[in-house]
Each structure stands twice: as structure tokens, then as C-alpha cells.
Amino acid sequence: MGVLGRAVLAVGMRPKVQRMITEGPGRRVAQRFVAGETLEDAIRTARRLNDEGFLVTLDALGESVTDPRAMDQTAKLYLATLDTIADAHLRSEISVKPTQLGLLIDPERCRRHLELLVERASEIGTTVTVDMEDRHATEHTMTLVCELSQRFPGRVGVALQAYLYRAREDLRRLLEARVRVRLVKGAYREPKAISLRSREDISASFAALATQLLGSTSYAMLATHDDHLISLCEREIAARNLAGETYEFQMLFGVRRKLQQQLLDRGHKVRIYVPFGDQWYPYLLRRLAEKPANLRFFVEALVRG
Ligand code: FDA
């Protein structure tokens with residue numbers, strides 16, 4: 001993330017700015033990246049994407065929850081999401097942020113909830129991928145997914161952030177514990193002491209981890225919109241003659257739609273990460289910070305009023 005991106009995050013987290021944006025034009029900008037505020041909105045989008053040939057992962061937005069009732073509500077919403085996925089025969093899994101379920105405040109509650117979700121996902125033949133959040137959650141999340149994977153082999157995945165120095169060792173642990181790995185660059189603002197900073201270094205780390213992941217027996221989820229890294233993965237897939245059951249590409253809803261279609265046309269499985277819910281603000285900020293050019297939509301929305 002560049003200087004401008006970090007500035008977007010820093011300014012955007014100020015309560016006054018947040019109020020101005022969420023009560024103003026931000027809602028319209030969010031529609032580009034978020035399926036809607038309700039489960040029904042998400043299901044409609046998932047069905048359309050499935051009809052177009054994409055797989056889906058549904059993400060009920062929310063993070064750093066402090067109220068235990070809200071944690072329980074989130075778990076309930078995810079259970080309802082899994083039930084709807086089953087009833088509607090959707091080709092979808094769920095993505096969950098552990099701090100939504102209380103990871104840093106009530107780890108036992110979080111573990112119980114997550115276990116229930118993975119159990120239900122298992123019953124209906126789908127999977128749960130745990131999003132990786134910032135450094136405060138990294139080790140707790142790693143421990144949790146490795147434990148869960150023992151009880152539900154093949155049903156649990158986690159995002160691995162290539163910008164962290166620890167990523168290589170984490171990949172080793174995840175492969176050993178047979179956790180499905182979603183490789184990402186990393187979206188949070190982490191200190192220099194623990195994370196790479198330059199685009200080149202992060203890309204090189206992603207490339208090395210992708211090569212290792214594709215060479216392993218684990219299911220690989222390659223989550224990037226970066227042309228260079230996608231080409232590298234495609235070359236690796238071709239060289240290893242990998243079957244479609246062993247990997248997939250993943251991209252975010254609303255980001256590089258043409259490229260999503262092109263990958264599908266080239267015969268790859270492509271899963272779209274579809275966020276929904278009213279807690280869309282931090283998610284939107286991260287998308288804006290990744291690509292400050294997106295601020296143009298913002299300014300246009302402001303001008304239109
Ligand atoms: P990069 O940011 O270099 O983008 C490559 C190109 O894609 C850009 O040049 C631009 O054209 C386009 N692009 C990228 N982002 C855009 C945007 N927001 N708007 C418009 N165009 C954009 N991170 C994390 O820390 N924990 C997690 O759990 C996850 N989970 C996750 C799931 C999935 C399915 C994806 C695709 C990504 C994540 N991420 C994540 C986010 C990830 O870490 C990273 O921040 C973004 O994917 C952006 O990095 P790229 O690899 O796409 O490259």
C-alpha cells in the first residue's frame with residue numbers, strides 16, 4: 001500500500017470523516033464493492049454470479065465486534081447464510097472474520113461459533129474460509145484454523161498474507177495441518193518490523209508462496225487482481241499440469257470484472273468474494289486505500305450530491 005493509500009486509511013478512520021461518508025455519498029460508492037445490506041441482496045448476487053459460471057464466497061461484513069450479543073448475531077446470520085446456500089443450491093462458501101465472533105475478547109466464544117459454522121458447512125458440503133485480519137489476530141487465527149482443520153479436514157481455509165515476514169513459516173504450518181490456503185498480498189497497515197512494504201517485495205513474496213502452494217498437495221486459492229502474478233500462477237499451473245480440482249482464482253466483487261471473465265473463459269475456476277451487510281465502511285476504506293484512483297468515484301458522487 002502506497003503513501004496515498006495509508007493516508008486514505010488514516011483520514012478515513014476519523015469519526016467525523018466516517019460520519020460524513022457513511023451518511024453521504026459513501027453509500028453509493030459502496031454499491032460497487034458490496035452486494036447490498038441484506039442476506040437477500042447477497043443471495044441474489046450469488047445466484048447471478050453462479051449463473052454466469054463463477055463460484056462465490058459470502059462475507060457478512062463486520063469486524064472488531066465488542067458486544068457479545070453482536071457476536072452471537074453474526075454467528076446466527078452466518079448459519080442462516082449456510083442454510084440458504086443449501087436450500088438455494090448455490091455454489092458458495094462463506095468467509096468469516098474471527099474478530100466478528102469475538103476472537104480478541106472472548107476467544108472461547110469465537111471458537112465455539114466458528115466450530116458450529118464449520119460443522120454446518122461440512123454437513124451441506126461446503127467450506128469456511130477465515131479471513132486474516134491485522135497483526136493482533138494473526139497467531140490466534142492460525143492456531144484456531146489448524147485446530148479446526150483436525151476435526152473437519154478439507155473444510156477450513158484461511159487467508160495467508162504475503163506481506164508478513166512470517167508468511168513462509170505460516171504456510172508450512174498450514175500445509176502440515178491440511179488447511180486450505182487463500183494466498184493474498186495483505187490489506188492492513190502493518191509496522192515495518194513485521195511486514196514488507198514495497199510493491200516489488202510483496203509481489204516477490206506472493207510469487208514464491210504461490211509457487212510453493214501450487215507445488216503442494218493442498219487446495220490453492222489464488223486471490224489477486226495483479227496481472228503479473230496471475231500470469232505467473234497460470235504458467236505454474238500449466239507447467240505442473242494441475243487439474244481444476246486443485247486450485248482456484250479468487251477476486252473481489254466489483255474489482256476487475258473483465259479480468260474475472262477472462263480467467264473463466266480460459267478455463268479456470270474463479271470465485272468471487274461477495275460482501276454484504278450494513279457494516280461496510282472499513283471494508284470500503286480498504287478497497288479505496290488499495291487503489292486511490294477509486295477516490296474518483298467518491299468525488300463524482302460528492303459532486304452529484
Ligand atoms: P494490487 O493491489 O496490486 O492490484 C492489482 C490491480 O488490480 C491494480 O493495479 C488494479 O488495477 C486492480 N485493483 C486492485 N484492487 C482494486 C480495488 N480495490 N479497486 C479497483 N481496482 C483494484 N487481505 C487480507 O489482509 N486478509 C484477507 O483475508 C483478504 N481476503 C481477500 C480475499 C479475496 C478473494 C481477495 C481478492 C483479496 C483479499 N484480501 C485480503 C485483499 C488483498 O490482501 C489485497 O489487499 C487486494 O487483493 C489487492 O491486492 P492485489 O493482489 O489485487 O494487487
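Start at 1 and go down the list; that is how both ligands and their atoms are numbered.
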So, S95 versus R182: side-chain donor-acceptor pair below 3.5 Å or not? yes

Contact partition for [X] relative to ligand 1, non-hydrogen atoms under 4.0 Å:
X    : answer
E133 : neither
M251 : backbone
R182 : side chain
A159 : side chain

Note the single closest protein heavy atom to atom 52 (O) of ligand 1, along with its residue, its atom name and the distance in Å. H225 ND1, 2.6 Å

Please report which non-hydrogen protein atom sits nearest to atom 19 (N) of ligand 1, along with the residue it belongs to and the distance in Å to one decimal place. N294 ND2, 2.8 Å

Looking only at distances, please establish whether an N/O atom of ligand 1 is found under 3.5 Å from an N/O atom of [X].
X    : result
Q161 : yes
F33  : no
R256 : no
R199 : yes

Which residue from [options] reaches closest to [atom] through any of its heavy atoms?
atom                    : options               : value
atom 31 (C) of ligand 1 : V184, T224, V274      : V184
atom 49 (O) of ligand 1 : R32, K185, R287, E248 : K185
atom 22 (C) of ligand 1 : V130, V158, V255      : V255

What's in the same ILVMFWY side-chain cluster as L232, cut-off under 4.5 Å, chained through other members? none

Could you list the atoms of ligand 1 found under 4.0 angstrom from a heavy atom of D131? 28 (O)

Salt bridge (charged side-chain N to carboxylate O under 4.0 Å, His left out) pairs, two or more places apart, involving residues 80-95: D83-R120

R287 NZ/CZ over Y283 ring centroid, <6.0 Å and within 45° of normal: yes

For the residue pair L160 and M132, establish whether any side-chain heavy-atom pair is separated by less than 4.5 Å. no

